[in-house]
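One structure below.
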2 protein chains.
Amino acid sequence: MTALDLIDRKIVAQLMRDATQSVAQIADQVGLSSTPCWKRIRRLESDGVIERRVALASPQALGLGVCAVVILRAPDHSAEWRERLGAVVAAIPEIMEVWRVAGENDYLLRIAVADMAAFDQLCQRLAGEVPIREITSHLAIERVKFTTAFPVDTIRR
Amino acid sequence: MTALDLIDRKIVAQLMRDATQSVAQIADQVGLSSTPCWKRIRRLESDGVIERRVALASPQALGLGVCAVVILRAPDHSAEWRERLGAVVAAIPEIMEVWRVAGENDYLLRIAVADMAAFDQLCQRLAGEVPIREITSHLAIERVKFTTAFPVDTIRR
DNA sequence: GATGAAACTTACATAAT
DNA sequence: ATTATGTAAGTTTCATC
């Protein structure tokens, strides 16, 4: 896998912004003709730079009105516990995002559920399936910003 | 906008999982023929249930090795400060996710940058552009889970 | 890299049942 | 809802420069 040049990053930026664009449109945007642009896109996909193409939906329209960020502390820093948590969160679709963070044995989870009753049930399910030393919930009032587009423009080559 | 039935939710689930599928493939998955499936997809898009289609890229492949969750506390709970923060985070592409959470005047931010130097610069820029009472950084060691697919299967009708 | 043109697949629209 | 049909558009491959 070779390094990405400026044109590659422009292509990825375009596709992260709007993947409905045709190859010809993207070629225009980045200053290429269709064929070489198409070849670059294929290479970016086979190299794993572009991982997948997905539709983004509206949580409100889907009836998922409650979003929460849960911070939890592990009882220990064992590999067993980490694997256990990984298996549990993988099996729970309401848990959309999980980050293990440095410092303490802390994890941050982002959760999408229909209502507070569902959120309560989810917390109880989580606590029942994996031992947790401490858990703190932050209910989201407002989604101020959310994007899946990485800041490729700011990367220095 | 009418309520979503089971088939609608199956269609959205398929497209959130993989938007490269053709209408015919999705029709197969949800048990419809192409034409009505295509009409439903168009309706889901015009109703705003499906908001957009994007490519998801690999942060590592893009040279964005550092992910951090920043928790910050506002100096007050004024609308002015909220709007100020909104404008600032909208202008900074490294800030990918911002949630205003209940309870205290707290905000959670997810940030993607190339390295620790860039992270430090970003924190200083942020603190320089908007007054902040308190800021706490959590460096992500591992992305245990990340999905953009909402849990539509678990919604009760 | 650009261009042009095939061959193929899909999207889209319409009509009939 | 289905099947069928047709046109437009996009993708993919290839040959040539």
Side-chain angles (χ1 to χ4, degrees), chain A residues 1-58 61-63 147-150 152-153 155-157, chain B residues 1-58 61-63 147-150 152-153 155-157:
Chain A
M1 186 174 101
T2 173
L4 307 180
D5 65 10
L6 181 60
I7 294 178
D8 284 334
R9 280 180 281 134
K10 283 183 177 176
I11 291 171
V12 176
Q14 283 299 323
L15 287 174
M16 287 193 300
R17 189 179 65 77
D18 178 10
T20 67
Q21 297 175 99
S22 69
V23 175
Q25 283 175 307
I26 294 165
D28 266 354
Q29 302 258 11
V30 305
L32 280 183
S33 60
S34 291
T35 304
C37 184
W38 175 79
K39 284 180 181 172
R40 280 174 183 258
I41 293 171
R42 286 213 49 174
R43 178 171 50 77
L44 290 166
E45 284 170 338
S46 64
D47 284 355
V49 180
I50 295 171
E51 292 179 331
R52 56 204 312 203
R53 291 158 188 259
V54 300
L56 301 182
S58 158
L62 293 173
T147 181
T148 54
F150 287 103
V152 285
D153 304 325
I155 303 167
R156 55 178 165 285
R157 179 183 42 279
Chain B
M1 186 172 100
T2 174
L4 307 179
D5 64 11
L6 182 60
I7 294 177
D8 284 333
R9 281 181 279 134
K10 282 183 178 176
I11 291 172
V12 176
Q14 283 298 324
L15 287 173
M16 288 193 299
R17 189 180 63 77
D18 179 10
T20 68
Q21 296 175 101
S22 68
V23 175
Q25 282 175 307
I26 294 165
D28 265 355
Q29 301 257 12
V30 305
L32 281 182
S33 58
S34 291
T35 304
C37 184
W38 174 76
K39 284 180 181 172
R40 280 174 183 259
I41 292 171
R42 287 213 49 175
R43 180 171 50 76
L44 290 165
E45 284 170 339
S46 63
D47 285 355
V49 180
I50 294 170
E51 292 180 333
R52 57 204 311 204
R53 292 158 188 257
V54 300
L56 301 182
S58 157
L62 293 173
T147 181
T148 54
F150 288 103
V152 286
D153 303 325
I155 303 166
R156 56 179 164 285
R157 180 182 42 277

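A, B, ... follow the sequence lines: proteins, then strands. Residue 1 opens every chain. Worth saying up front: this structure is predicted, and the values here are computed from it rather than measured.
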Within this structure, what is the [atom1]-to-[atom2] distance between [X] and [N], rounded to whole angstrom?
X     : N      : atom1 : atom2 : result
B/D5  : D/dA1  : CG    : C1'   : 12 Å
B/L15 : C/dA11 : CG    : P     : 10 Å
B/I7  : D/dA1  : CD1   : C1'   : 9 Å
A/Q21 : D/dA9  : CD    : C1'   : 16 Å
A/I26 : D/dG10 : CD1   : P     : 12 Å
B/D28 : D/dT3  : CG    : P     : 11 Å
A/K39 : D/dC14 : NZ    : C1'   : 9 Å
B/E45 : C/dC12 : CD    : P     : 8 Å

Taking the side chain as everything from C-beta on, heavy atoms only, tell me whether A/D8 gets closer than 4.5 Å to A/R43.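 Side-chain contact under 4.5 Å: yes.
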Measure the shortest side-chain to side-chain distance between A/V54 and B/T147 over non-hydrogen atoms and say whether it is less than 4.5 angstrom.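 Side-chain contact under 4.5 Å: no.
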Report the distance from atom CG of B/L56 to atom OG of B/S58, rounding to the nearest 0.5 Å.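 So the CG of B/L56 and the OG of B/S58 are separated by 11.0 Å.
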Give a yes/no on whether any side-chain N or O of [X] is located under 4.0 angstrom from OP1 or OP2 of [N].
X     : N      : value
A/W38 : D/dT12 : yes
B/S33 : D/dT2  : yes
A/R42 : D/dT11 : no

Using the side-chain contact (heavy atoms from CB on, under 4.5 Å) definition, which of the options B/V30, B/D5, B/I26 pairs with B/R40?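 Considering B/V30, B/D5, B/I26, a side-chain contact (heavy atoms from CB on, under 4.5 Å) with B/R40 is found only for B/D5.
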Please pick, from [options], the nucleotide with the shortest atom-to-atom distance to any side-chain atom of [X].
X     : options                : answer
A/P36 : D/dA1, C/dT10, C/dA2   : C/dA2
A/T35 : C/dG4, D/dA1, D/dT3    : C/dG4
B/S22 : D/dT12, C/dA11, C/dA13 : C/dA11

For B/C37 and A/Q25, take the nucleotide of DNA chain D holding the closest heavy atom to each; which residue's nucleotide lies nearer the 5' end?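 Result of the comparison: B/C37.
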Taking the side chain from B/R9 and the backbone from A/L62, do they hold a donor-acceptor pair closer than 3.5 Å?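 A pair under 3.5 Å: no.
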Applying a 4.0 Å non-hydrogen cut-off, can you work out what B/S34 is touching in the nucleic acid: base, sugar-phosphate, or nothing?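 Nothing, no nucleic acid heavy atom in range.
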